[in-house]
Asks: 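Dumping the structure here so I can ask a few things about it.
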Amino acid sequence: MTRASRRILFANVPADGHFNPLTGLAVFLREQGYDVRWYSSALYADKIRRLEIPYYPFNKAMELNNDTVESHFPERKLIKGKISKLNFDIQHFFIRRGEEYYADIKDIYSEFPFDLLIADCLFTGIPFVKEKMKIPVLSIGIMPLAETSKDLAPSGLAMHPATGLAGRAKQAMLRWFADKVLFRKSNELMHQIFDEHFIPHQKENVFDMMVRKSTLLLQSGTPSFEYKRSDLGENVRFIGPLLPYNKKQAQKVWFDPRLNTYERVVLVTQGTVEKDVNKLLVPTLKAFRKSNFLVVVTTGGSDTDKLRNEFPDSNFIIEDFIPFNDIMPYTDVYITNGGYGGVMLGIDHQLPMVVAGVHEGKNEINARIGYFKLGIDLKTENPRPQQIRSAVEMILVNDTYRRRVEELASEFKTYDPLRLTAGFVSEILLTNSGRKKVLADSLIY
């Protein structure tokens with residue numbers, strides 16, 4: 001069977017960090033001759049079409065994203081406590097959407113009988129496609145590995161691996177407490193839904209389920225950006241940094257003459273999801289006012305003009321968006337709240353980092369940056385200007401951070417994520433084709 005006859009459906013949770021890393025892979029597989037189509041929120045319809053990939057919208061699935069969650073669920077505003085709010089989000093943004101995704105995907109299959117699903121690792125349609133439709137699934141790890149390990153604390157606490165007996169015992173207790181107390185209601189909801197659909201399970205927690213129900217989990221990144229596990233899942237593969245699609249075209253490269261007049265250049269961003277510029281952008285600008293540092297700020301479109309008016313200093317460049325591939329080669333230190341894609345790109349450009357972010361799983365990403373000495377983790381959503389300034393100066397005088405990030409960048413370069421993934425795609429499709437043939441033969445004879 002030819003590649004053109006092999007049909008691949010992409011799908012993603014409606015969030016930029018879940019969509020963007022899949023774009024380069026989707027285009028690559030399409031260029032390899034696969035029939036690639038994409039099921040996603042209307043939020044990404046135009047972007048998918050610009051990739052020249054046919055798009056299937058959410059029909060039965062709720063159009064739910066970071067900007068609309070509280071309009072759909074106004075009761076969320078009344079929830080007190082981080083764990084309670086996190087449980088609410090796990091249940092309503094992820095778990096309860098799985099059945100809706102499945103309903104849509106069944107309808108898509110009647111028109112487009114795909115042979116493989118590729119989705120981000122938190123797309124809760126994965127178990128339904130794998131177990132109910134008997135179609136293989138490649139899930140893409142767009143965040144640090146969240147699967148439970150006997151060597152680690154539960155995911156979400158941002159704890160570094162313990163080495164002593166007491167520390168390991170504490171981590172074991174925390175794993176039990178997370179499953180049986182903190183996230184019990186979320187886990188039980190998923191178990192209940194699986195039971196209703198006759199999906200087999202071993203009462204795994206939500207995070208384990210999404211890994212173990214995938215045919216393979218392809219982890220963006222490399223082993224040196226992940227804690228060592230003696231019990232790494234057999235279906236986990238590292239593929240190197242899976243970065244967003246970057247269309248090569250003749251366009252003017254972004255540049256500012258000040259990049260060549262300042263001795264030190266600092267780049268700061270808090271992504272497109274975080275709209276509160278007072279968390280990271282404002283304290284960074286305050287930290288370097290009237291300094292010999294050139295500070296380049298990308299706002300993602302949040303309060304750009306307001307920041308320019310408040311901080312008109314000549315050593316500040318404040319833009320909605322700057323292509324990171326244009327600015328990062330000039331950068332000495334990268335300040336970020338810790339989005340996984342941005343961190344992968346920063347490492348790829350050999351940039352030591354100052355990170356300040358806690359929510360949406362950023363604490364786990366930033367904990368690894370601190371643990372592997374790729375930068376300094378400020379362990380807060382609201383760093384003070386002096387904290388930021390001191391961390392940047394520490395990185396510049398301590399060569400350990402730059403050396404460690406250069407080592408990891410070198411490891412990154414030994415991986416070819418797109419071709420590695422294409423190899424797994426081919427292997428899975430070939431294996432699954434053989435199983436279908438055996439089944440067909442058994443029916444004939």
Asks: Salt-bridged, Arg97 to Glu100, with N to O below 4.0 Å?
Replies: yes

Asks: Distance-only, no hydrogens or angles: does the His160 side chain make a donor-acceptor pair with backbone N or O of Ala367 under 3.5 Å?
Replies: yes

Asks: Could you check Val266 against Ile335 for side chain to side chain contact (heavy atoms under 4.5 Å, CB included), going step by step and ending with a plain yes or no?
Replies: CA-CA 7 Å; Val266 172; Ile335 303 174; 3.4 Å; yes

Asks: CG of Asp120 to OG of Ser220: how many Å apart, nearest 0.5 Å?
Replies: 12.0 Å

Asks: Which heavy-atom pair separates Asn20 from Thr23 by the least distance, and what is that distance?
Replies: O-OG1, 2.6 Å

Asks: Taking the six-membered ring where the residue is Trp, are the ring centres of Tyr371 and Tyr227 under 6.0 Å apart?
Replies: yes

Asks: Check Ile395 against Val333 and note the closest heavy-atom contact, atom names and distance.
Replies: CG2-CG2, 3.9 Å

Asks: Without swapping roles, check the side chain of Lys373 against the backbone of Gly370 for a donor-acceptor pair under 3.5 Å.
Replies: no

Asks: Answer yes or no: is there a side-chain heavy-atom contact under 4.5 Å between Met210 and Pro127?
Replies: yes

Asks: Taking atom types as modelled, is there a side-chain donor on His359 or Asn337 under 3.5 Å from an acceptor on the other?
Replies: no

Asks: Checking Asp16 against Tyr44: is there a side-chain donor and acceptor pair closer than 3.5 Å?
Replies: yes

Asks: According to the side-chain hydrogen bond (donor to acceptor under 3.5 Å, both in side chains) rule, which pairs have a member within residues 234-246, sequence neighbours left out?
Replies: none

Asks: Between Arg6 and Asp115, does any NZ, NE, NH1 or NH2 come within less than 4.0 Å of an OD or OE carboxylate oxygen?
Replies: yes

Asks: Sequence neighbours excluded, which residues qualify as side-chain hydrogen bond (donor to acceptor under 3.5 Å, both in side chains) partners of Glu411?
Replies: Thr222, Ser224

Asks: Kindly check if the number of other-residue, nucleotide or ligand heavy atoms within 6.0 Å of NZ (Lys413) is above 12?
Replies: yes

Asks: For Gln202, I'd like to know if atom CD has over 12 heavy atoms of other residues, nucleotides or ligands within 6.0 Å.
Replies: no

Asks: Please tell me if the side chains of Tyr401 and Met353 come closer than 4.5 Å, counting only heavy atoms from C-beta onward.
Replies: no

Asks: If every non-hydrogen atom of Asp320 is compared with every non-hydrogen atom of Gly301, which pair is closest and at what distance?
Replies: OD1-CA, 3.5 Å

Asks: Check the pair Leu145, Arg229 against side chain to side chain contact (heavy atoms under 4.5 Å, CB included), reporting the backbone distance first and the verdict last.
Replies: CA-CA 10 Å; Leu145 277 173; Arg229 301 157 180 254; 3.4 Å; yes

Asks: Before accepting this row, confirm whether a basic side-chain N of the pair Glu319/Arg308 lies closer than 4.0 Å to the acidic partner's carboxylate O.
Replies: yes

Asks: Do we see a donor-acceptor contact under 3.5 Å between the side chains of Arg37 and Tyr55?
Replies: no

Asks: Give, for atom CD1 of Ile135 and atom CD1 of Ile428, the distance between the pair rounded to the nearest 0.5 Å.
Replies: 13.0 Å

Asks: After noting the C-alpha distance and the side-chain angles of Asp377 and Arg368, does the key distance pass the salt bridge (Lys or Arg N to Asp or Glu O under 4.0 Å) rule?
Replies: CA-CA 9 Å; Asp377 178 13; Arg368 284 159 172 79; over 6 Å; no

Asks: Would you please indicate if the ring centroids of Trp38 and Phe19 are separated by under 6.0 Å?
Replies: yes

Asks: As an exercise, state the distance from NZ of Lys228 to CG of Leu152, rounded to the nearest 0.5 Å.
Replies: 11.5 Å

Asks: Return the minimal non-hydrogen interatomic distance between Lys132 and His197, and the atom names on each side.
Replies: NZ-O, 2.9 Å

Asks: Rounded to the nearest 0.5 Å, what separates atom CG in Asn65 from atom CG in Leu43?
Replies: 5.0 Å

Asks: Please name the pair of heavy atoms, one in Gln350 and one in Ala409, separated by the smallest distance, quoted to 0.1 Å.
Replies: CG-CB, 3.5 Å

Asks: Using modelled atom types and a 3.5 Å cut-off, is there a donor and acceptor pairing between side-chain atoms of Asp208 and backbone atoms of Glu204?
Replies: no

Asks: Given side chains that start at C-beta, do those of Ile126 and Met209 come closer than 4.5 Å, heavy atoms only?
Replies: no

Asks: Establish, yes or no, whether a centroid distance under 6.0 Å links the rings of Phe238 and Phe225.
Replies: no

Asks: For a ring-ring contact (aromatic ring centres under 6.0 Å, His included) with Tyr39, tell me which candidate from Phe58, Tyr56, Phe114, Phe10 qualifies.
Replies: Phe58

Asks: If you measure from the Lys or Arg side-chain nitrogens to the Asp or Glu carboxylate oxygens, is any gap between Arg30 and Asp35 under 4.0 Å?
Replies: no

Asks: Who pairs with Thr284 by side-chain hydrogen bond (donor to acceptor under 3.5 Å, both in side chains), at least two apart in sequence or on another chain?
Replies: none

Asks: Nearest 0.5 Å, what's the CG-OG distance between Asn278 and Ser302?
Replies: 11.0 Å

Asks: Regarding Gln192 and Glu196, do their side chains bring together a donor and an acceptor under 3.5 Å, going by distance alone?
Replies: yes

Asks: Write down the atom of Pro14, the atom of Phe93, and the distance for their closest heavy-atom approach.
Replies: O-CZ, 3.9 Å

Asks: Looking at side-chain heavy atoms only, is the closest gap between Arg7 and Tyr34 below 4.5 Å?
Replies: no

Asks: Does atom NZ of Lys85 have more than 12 heavy-atom neighbours, drawn from other residues, nucleotides or ligands, at distances under 6.0 Å?
Replies: yes

Asks: Under 3.5 Å, is there a donor on one side chain and an acceptor on the other for Thr298 and Thr269?
Replies: yes

Asks: With side chain to side chain contact (heavy atoms under 4.5 Å, CB included) as the test, would you mind laying out the steps for Leu138 and Leu116 before giving the verdict?
Replies: CA-CA 8 Å; Leu138 280 181; Leu116 175 69; 4.2 Å; yes

Asks: Taking the side chain as everything from C-beta on, heavy atoms only, tell me whether Asp231 gets closer than 4.5 Å to Glu147.
Replies: no

Asks: So, Asn205 and Asp179: side-chain donor and acceptor under 3.5 Å apart, yes or no?
Replies: yes

Asks: With the side chain counted from C-beta on, respond yes when Leu174 and Pro154 share a heavy-atom pair under 4.5 Å apart, and no when they do not.
Replies: yes

Asks: Run Ile376 and Val355 through side chain to side chain contact (heavy atoms under 4.5 Å, CB included) and show every step you take.
Replies: CA-CA 6 Å; Ile376 295 175; Val355 290; over 6 Å; no

Asks: Looking at the rings of Phe123 and Tyr101, which for Trp means the six-membered one, are their centres under 6.0 Å apart?
Replies: yes

Asks: Centroid-to-centroid, Tyr102 to Phe128, below 6.0 Å?
Replies: yes

Asks: Look at Arg403 together with Glu406 and state whether they make a salt bridge at an N to O cut-off of under 4.0 Å.
Replies: no

Asks: For the pair Asp67 and Lys275, find out whether any cationic side-chain nitrogen is under 4.0 Å from an anionic carboxylate oxygen.
Replies: no

Asks: What distance separates Glu364 CD from Asn366 CG, expressed to the nearest 0.5 Å?
Replies: 10.0 Å

Asks: Would you mind checking if Lys279 and Asp276 are paired as a salt bridge, meaning a charged N to carboxylate O distance below 4.0 Å?
Replies: no

Asks: Does Thr68 offer a backbone N or O that forms a donor-acceptor pair with the side chain of Ser71 under 3.5 Å?
Replies: yes

Asks: So, His201 side chain and Lys203 main chain: donor-acceptor pair closer than 3.5 Å or not?
Replies: yes

Asks: Please check if the side chain of Glu381 supplies one atom and the backbone of Ala356 the other of a donor-acceptor pair under 3.5 Å.
Replies: no

Asks: Heavy-atom distance under 4.5 Å between the side chains of Met143 and Leu122, does that happen here?
Replies: yes

Asks: Taking the side chain as every heavy atom from C-beta outward, state whether Val36 and Val27 have any atom pair closer than 4.5 Å.
Replies: no

